[in-house]
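Contents: one structure, followed by commentary.
Being a predicted model, the structure only gives us computed values, none of them experimental. Nothing fancy with the numbering, it's 1 onward along the sequence.
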Amino acid sequence: MTEIVDTVEQVLERDFQIECTHKRRKLPGFASSVAFGIDAMTQGIGLYAQKIHVLSEMNKTIACSIAKAERELGYDPKIALREGMKRSVAWVLERGGLP
């Protein structure tokens with residue numbers, strides 16, 4: 001998660017001259033556990049709260065390996081994280097998003 005946030009901040013500042021505050025909020029791990037319970041309950045009744053769901057994953061490692069897709073499907077990613085984030089930010093800006 002830190003690598004992704006750092007990369008997005010770098011792209012915003014270096015490529016688009018959008019200033020970032022570089023503030024990171026730190027919550028105790030139990031906050032994610034509480035959010036996990038709330039997320040399970042709300043999804044159980046057919047509702048989805050994105051911020052609660054994301055918070056419920058913040059104390060977990062949700063990354064996964066692409067090795068099987070590479071091996072069995074021939075997946076060969078061509079875009080690195082930084083370039084992908086740069087393209088994503090450009091796309092958002094073209095549509096009037098961000099400051």
Side-chain angles (χ1 to χ4, degrees):
M1 181 62 75
T2 300
E3 178 185 2
I4 293 170
V5 172
D6 288 344
T7 301
V8 171
E9 287 176 341
Q10 289 170 9
V11 165
L12 288 169
E13 292 183 333
R14 294 178 189 169
D15 297 304
F16 299 97
Q17 292 71 49
I18 297 173
E19 189 175 334
C20 298
T21 61
H22 299 277
K23 291 182 181 177
R24 305 284 167 85
R25 291 187 180 153
K26 294 190 183 239
L27 294 172
F30 78 86
S32 283
S33 299
V34 170
F36 182 82
I38 294 169
D39 185 46
M41 287 188 299
T42 56
Q43 287 194 45
I45 61 170
L47 300 174
Y48 176 73
Q50 182 182 22
K51 290 180 181 180
I52 296 294
H53 180 78
V54 170
L55 177 59
S56 76
E57 296 176 336
M58 295 305 288
N59 69 346
K60 296 168 183 57
T61 299
I62 60 171
C64 55
S65 170
I66 63 169
K68 187 174 182 180
E70 291 173 320
R71 188 174 57 252
E72 295 184 12
L73 303 173
Y75 178 63
D76 183 23
K78 305 287 187 228
I79 308 296
L81 175 61
R82 189 180 194 295
E83 180 61 23
M85 289 297 117
K86 183 178 176 180
R87 291 180 186 190
S88 295
V89 170
W91 185 88
V92 169
L93 290 172
E94 288 168 5
R95 286 154 181 78
L98 295 175

Ignoring hydrogens and angles, tell me if any N or O in the side chain of S56 forms a donor-acceptor pair with the backbone of S32 under 3.5 Å. no
Is there a path of hydrophobic side-chain contacts, each under 4.5 Å between heavy atoms of I/L/V/M/F/W/Y residues, joining V54 to V5? yes
Is M85 linked to W91 within one hydrophobic cluster, defined over Ile, Leu, Val, Met, Phe, Trp and Tyr using a side-chain heavy-atom separation of less than 4.5 Å? yes
Rounded at 0.5 Å granularity, tell me how far CD in E19 sits from CG in L12. 11.5 Å
Gap separating the OG atom of S33 from the CD1 atom of I38, nearest 0.5 angstrom: 11.0 Å
So, taking the atom named CE in M41 and the one named CZ in F36, what distance separates them when rounded to the nearest 0.5 Å? 11.5 Å
Other residues, nucleotides and ligands only: do more than 12 of their heavy atoms fall within 6.0 Å of CD on E72? yes
Working note: R14 + R82, criterion side chain to side chain contact (heavy atoms under 4.5 Å, CB included); need CA distance, chi angles, decisive distance, verdict. CA-CA 11 Å; R14 294 178 189 169; R82 189 180 194 295; 4.0 Å; yes
L27 and V34: same hydrophobic cluster, using ILVMFWY side-chain contacts below 4.5 Å? no
Any idea which heavy atoms bring I52 and D39 closest together, and the distance? CG2-N, 3.9 Å
Take T42 and Y48, measure what side chain to side chain contact (heavy atoms under 4.5 Å, CB included) needs, and give me the verdict at the end. CA-CA 6 Å; T42 56; Y48 176 73; over 6 Å; no
How long is the span from the CD atom in E13 to the CD1 atom in I18, to the nearest 0.5 Å? 9.5 Å
What's the verdict on salt bridge (charged side-chain N to carboxylate O under 4.0 Å, His left out) for D15 and R87, showing C-alpha distance, side-chain angles and the deciding distance? CA-CA 10 Å; D15 297 304; R87 291 180 186 190; over 6 Å; no
Closest non-hydrogen atom pair between N59 and G29, with its separation: ND2-O, 3.0 Å
Counting heavy atoms not belonging to Q50, are there more than 12 under 6.0 Å from its CD? no
Kindly indicate, with the supporting measurements, whether the criterion side chain to side chain contact (heavy atoms under 4.5 Å, CB included) is fulfilled by R24 and D6. CA-CA 11 Å; R24 305 284 167 85; D6 288 344; 2.6 Å; yes
Got C20 and Q10 here, is their nearest side-chain heavy-atom distance under 4.5 Å? no
Intermediate values then yes/no, side chain to side chain contact (heavy atoms under 4.5 Å, CB included), K68 and Y75: CA-CA 9 Å; K68 187 174 182 180; Y75 178 63; over 6 Å; no
same_hphob_cluster(V92, I4) at 4.5 Å side-chain heavy-atom cutoff: yes
